[in-house]
Amino acid sequence: MASTPSSTLTPLYESNNIFFNSFTSPHNFTFPLKLYKSSIRSPQVSLQGQPHISQPNNSQNPDRKSKIWVNPKSPRATELKQRSYDFRYTSLVKIAESLDSCNPLKHDVYNVLATLGDKIVEQDAVVTLNNMCNSETALLALKYFQERLKLSKEVIIYNVTLKVLRKNKDLDRAEKVFDEMLERGVKPDNVTFSTIISCARQCNLPEKAIEWFEKLPSFGCEPDDVTYSVMIDAYGKAGNVDMALSLYDRARTEKWRIDAVTFATLIRIYGSAGNFDGCLNVYEEMKALGVRPNMTVYNSLLDAMGRAKRPWQAKNIYTEMINNGFEPSWGTYASLIRAYGRARYSEDALKIYKEMKEKGLELSVMLYNTLLAMCADVGLTDEAVNIFEEMKSSGTCQPDSWTYSSLITINSCSGKVSEAEATLNDMMEAGFEPNIFVLTSLIQCYGKAGRTDDVVRTFDRLSDLGLSPGERFTGCLLNVLTQTAKEDLHKLTICLEKANPKLGYVVKLLVDEEVVEEEGAFKKNAAELLDSVTTDVRKAYCNCLIDICVNLNKLERACELLDIGLTLNIYTDIMSRTETQWSLQLKSLSLGAALTALHIWMSDLNKALEDGEEFPSLLGINTGHGKHKYSEKGLAGVFESHLKELNAPFHEAPDKAGWFLTTKVAATSWLESRRAQEVVAV
DNA sequence: ATAGGGTTAG
């Protein structure tokens, strides 16, 4: 396994020869040139003393040995110094690479290091270790340098060694190295501590980080700005937001220079604590203090705005970032895809995806999954298929259960039952068991296709797989009932009763004609049920229940449910009145709930008319645009024909999509004529 | 790039 040092290093000599052939000089430069004396033609540059005759660049004659005198203060000298430094640095990086891939045996490591020659300096050790990633060989290399170098600042090579251990998230070894430092009488400093603390943080052991921070004073160290920054991060990671913020306060009162990285850390902490305005406040505070934002700040902000579901703010920050001349990084794009994807800003998300592809940036499984989930949400079937193909051909990531789950959802939502089943088979062949998301999609798929028995079969698979239904799944099952023929409903009621007995009972009261119901039992049980489920599914449950009522022509029950919804604040601001306009807001209502709300609103209007209340000049119904691609007809379309049936004088506003408006005069005469008809009918 | 912070998440 171990590559011999020479095989790794040979190309380096060759490539650098090309450069050094053009000017050579015999002495006066320590490193790296002497290092390779035996292997290559002593490429040395004289930057001091003896004025030699300056010669033109003789690159046509690479073999000619000649000296070039360069004034040490000239820009040319600076350039040469820089170049020779670059050369040394590159050489050491190559050594570090060989060490990384070398056997973790003393003999092998020492052999690689022997190619450095005898005249190594402290800086060589630092640069080499700093570029390594293999813990085991790094520890051997450390020994080598300790044996061979008179170290004036031994703490430094310990600190870079600790960095290698941190790269490997090896806190145990880091702690051992710390003990060894103490044994050798090497005094740890802030760099030592901040490295170990961040190592603990990266190992997901924030308590350990805190432990190390607290023992810092006992070693005569006062935390400085970087140590504070690392600790703020560690406290944030530990979920101790208060401690993080109080450290920030302390750093501020102690007048530490707080730089962009620390602000980015604070933004991340606020972001993961869900305090998104806190993120923006920190950002403002930072700018007020005259600290220029950097990429980390922008990326943390973008990430936070994504979590906050504020894609428009992400967009603004991104624009600002670009205007300030920053080049988006992988992290920037990832944050944007998440922000746009989750918020169904599909055009924006797909634009970013395209840009990443153009730049040759690789997407992770998660980013692909985010895009696919978004396509599933919005109904972008063809795009999803494309993205999935590109994902497979990328060669860099394998579809996982999330990926398959989104694909099954896409097939399910577009009613492609056999494709959904085929994808499920692919998924199982790839070694993934169906999860709750997949089964949720499947019951929707079968439900939509009217295959009630398959819904029941899929429901029964749940317990076979050791899965419990949960509120989302149960909600989708309830939604299946809204699409199911009356004679099949009892099959699903049995499932619902297993999933959530209270819900099962409420539905049974609606569906089962034979159940004897006590006075008011339905409303009481429905209210208890809706109160018992978490807020994020309440509206869905309520909408579905109302839809079932409407389908069964039980308008009174529907009104009761809508009433519960209003009382429990599941629906807010449905009916509003200003001096100039009365409105009915139907945007987040299902069709049944919307029709029920219209019914109630109309009786309210009738009542107002009876009471002789003054109508405003305008009355309006807002259905929203109904852009969800899977529903063939949005709420707007259905409402338009329904209003026509009612002879209602509402007409879609040409300038406000989704709004149906009418005037005071038209509304009153319509309501009056309806009342006259009712009287006739009675 | 040249001894310390920052991430890659559902």
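Every chain is numbered from 1 and lettered A, B, ... according to where its sequence line falls, protein lines coming before strand lines. Computation of the quantities below employed the complete heavy-atom set of this structure, encompassing side-chain atoms and omitting hydrogens, waters and symmetry-equivalent molecules.
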Participant: Taking the minimum atom-to-atom distance to the side chain of A/Asp233, which one of B/dT8, B/dG4, B/dG6 wins?
Facilitator: B/dG6

Participant: Is it the case that A/Asp400 and A/Thr403 place a side-chain donor and acceptor less than 3.5 Å from each other?
Facilitator: yes

Participant: Identify whether any heavy atom of A/Asp303 sits under 4.0 Å from a base atom; if not, whether one sits that close to sugar-phosphate; answer base, sugar-phosphate or nothing.
Facilitator: nothing

Participant: side-chain hydrogen bond (donor to acceptor under 3.5 Å, both in side chains) with A/Gln313: which of A/Lys309, A/Lys315, A/Arg310?
Facilitator: A/Arg310

Participant: Any luck finding a side-chain donor-acceptor pair between A/Thr192 and A/Asp189 under 3.5 Å?
Facilitator: yes

Participant: At under 4.0 Å between heavy atoms, what does A/Thr227 touch on the DNA or RNA strands: base, sugar-phosphate, or nothing?
Facilitator: base

Participant: Indicate whether any N or O donor in one side chain lies under 3.5 Å from an N or O acceptor in the other, for A/Thr332 and A/Ser335.
Facilitator: no

Participant: With distance as the sole criterion, is a donor-acceptor pair present between the side chains of A/Ser246 and A/Asp249 under 3.5 Å?
Facilitator: no

Participant: Expected output is a numbered-order residue list: members of residues 260-289 of chain A with a heavy atom under 4.0 Å from any atom of DNA chain B. What is it?
Facilitator: A/Val261, A/Thr262, A/Arg268

Participant: With a non-hydrogen cut-off below 4.0 angstrom, is A/Lys153 in contact with a base, only sugar-phosphate, or nothing?
Facilitator: nothing

Participant: What contact category does A/Asn131 fall into here, base, sugar-phosphate, or nothing, at under 4.0 angstrom with non-hydrogen atoms?
Facilitator: nothing

Participant: Regarding A/Val226, tell me which of base, sugar-phosphate or nothing describes its non-hydrogen contacts under 4.0 Å with the strands shown.
Facilitator: base

Participant: Using the side-chain heavy atoms of A/Val191, tell me which of these nucleotides is nearest: B/dA9, B/dG5, B/dA3.
Facilitator: B/dA3

Participant: Consider the side chain of A/Arg166, meaning its heavy atoms from C-beta on, and name the nucleotide among B/dA3, B/dG5, B/dG6 that approaches it most closely.
Facilitator: B/dG5

Participant: Any donor-acceptor pair under 3.5 Å between the side chain of A/Asp259 and the base of B/dG5?
Facilitator: yes

Participant: Ignoring the backbone of A/Met366, work out which of B/dG5, B/dA9, B/dA3 is nearest its side chain.
Facilitator: B/dA9

